[in-house]
Amino acid sequence: MAVDRVLGPRDHAHLEPLAPQLLALVAGLSSAVFLGIPLAMPTFEGMIVYNVAHGIAFGVYLAVDMALVTKVLPAPGDAGKDMGVLNIANAGPQILAPALAAVVVGTGGYPALFVVGIVISLVGSVGVLRIRGVR
């Protein structure tokens, strides 16, 4: 969107309400695609390419996700409390992920872990589309 603003100074007001969801969708889908790099290229160089590409996509997703979260909070007066609850909700998966990853790697190896990551990225990407009421 930023590149489009510089290269094409057209009126995009009709896209503004959808821009965060679309950016999160693209970043999430890109993340899913980039999680396939180690499967297609299981080398040291492949991991370097994966880390750079996936790092950018996931970083964009996290930034847009946080922006979306702040736009869908129910009451501006309770924003601090709501953000605290969301922070706890974000910490839960980070606590459980290593244990689940150990089970997946122990069962199917690292390729299975990347496949699970692809599925989770796709589910998260589609989940962003269900967000309603962005201010």
Side-chain angles (χ1 to χ4, degrees):
M1 190 164 80
V3 172
D4 185 55
R5 298 278 177 163
V6 172
L7 296 178
R10 298 176 299 278
D11 181 28
H12 294 299
H14 63 285
L15 294 177
E16 289 297 326
L18 294 175
Q21 284 102 325
L22 290 176
L23 192 53
L25 175 67
V26 169
L29 294 175
S30 297
S31 181
V33 169
F34 296 146
L35 278 162
I37 292 173
L39 297 173
M41 199 168 137
T43 62
F44 177 77
E45 292 79 9
M47 288 305 292
I48 297 293
V49 171
Y50 156 73
N51 280 311
V52 171
H54 186 258
I56 292 168
F58 192 60
V60 170
Y61 181 83
L62 288 177
V64 174
D65 178 58
M66 187 55 66
L68 279 171
V69 164
T70 61
K71 291 179 180 257
V72 297
L73 294 175
D78 293 332
K81 176 184 63 99
D82 294 339
M83 291 297 285
V85 170
L86 287 168
N87 189 34
I88 292 168
N90 281 332
Q94 294 175 18
I95 293 167
L96 296 175
L100 294 175
V103 171
V104 172
V105 170
T107 304
Y110 282 101
L113 185 63
F114 285 102
V115 171
V116 169
I118 290 168
V119 171
I120 291 171
S121 288
L122 292 173
V123 169
S125 299
V126 173
V128 169
L129 295 176
R130 299 186 49 85
I131 295 174
R132 301 282 183 251
V134 175
R135 291 181 237 136

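These numbers come from a predicted model, not from an experiment. Hydrogens, waters and symmetry mates play no part in the numbers below; they use all other heavy atoms, side chains included.
Across all non-hydrogen atoms, the minimal contact from Pro93 to Ala89 is CD-O, 3.0 Å. Considering all non-hydrogen atoms of both residues, Val49 and Met41 come closest at CG2-CE, 4.4 Å. Listed here is the closest heavy atom pair of Phe114 and Pro38: CE2-CG, 3.5 Å. Taking every heavy atom of both residues into account, Ser125 and Leu25 meet most closely at O-CD1, 3.5 Å. Residues Ala24 and Val128 come closest through the heavy atom pair CB-CG1, 3.6 Å. The nearest pair of heavy atoms linking Ala32 to Leu122 is CB-CD2, 3.7 Å.
Residues Ile118 and Val103 fall into different hydrophobic clusters, defined by Ile, Leu, Val, Met, Phe, Trp and Tyr side chains chained together at heavy-atom separations under 4.5 Å. Linking Ile, Leu, Val, Met, Phe, Trp and Tyr residues whenever their side-chain heavy atoms come within less than 4.5 Å leaves Val26 and Val60 in two separate clusters. When the side chains of ILVMFWY residues are joined at heavy-atom separations under 4.5 Å, either directly or via intervening members, Val126 and Val123 end up in two distinct hydrophobic clusters.
Between the OG atom in Ser31 and the CG atom in Leu62 there is a gap of 9.0 Å [rounded to 0.5 Å]. With rounding to the nearest 0.5 angstrom, the OG1 atom of Thr107 is 11.0 Å from the CG atom of Leu113. We find the CG-CG distance between Leu23 and Asp65 to be 11.5 Å, quoted to the nearest 0.5 Å. The NE2 atom of His54 sits 10.5 Å away from the CE atom of Met47 when rounded to the nearest 0.5 Å. One finds the CG atom of Leu29 at 10.0 Å from the OH atom of Tyr61 (value rounded to the nearest 0.5 Å). Within the model, atoms CZ of Phe34 and CG of Asn51 stand 12.5 Å from one another, a figure rounded to the nearest 0.5 Å.
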Discussion item. Determine whether Met83 and Leu86 satisfy the following criterion, side chain to side chain contact (heavy atoms under 4.5 Å, CB included), listing intermediate values before the conclusion.
Written reply: CA-CA 5 Å; Met83 291 297 285; Leu86 287 168; 4.2 Å; yes

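Remark: of the listed residues Val116, Val33, Leu35, Leu35 is the sole one forming a side chain to side chain contact (heavy atoms under 4.5 Å, CB included) with Ser121.
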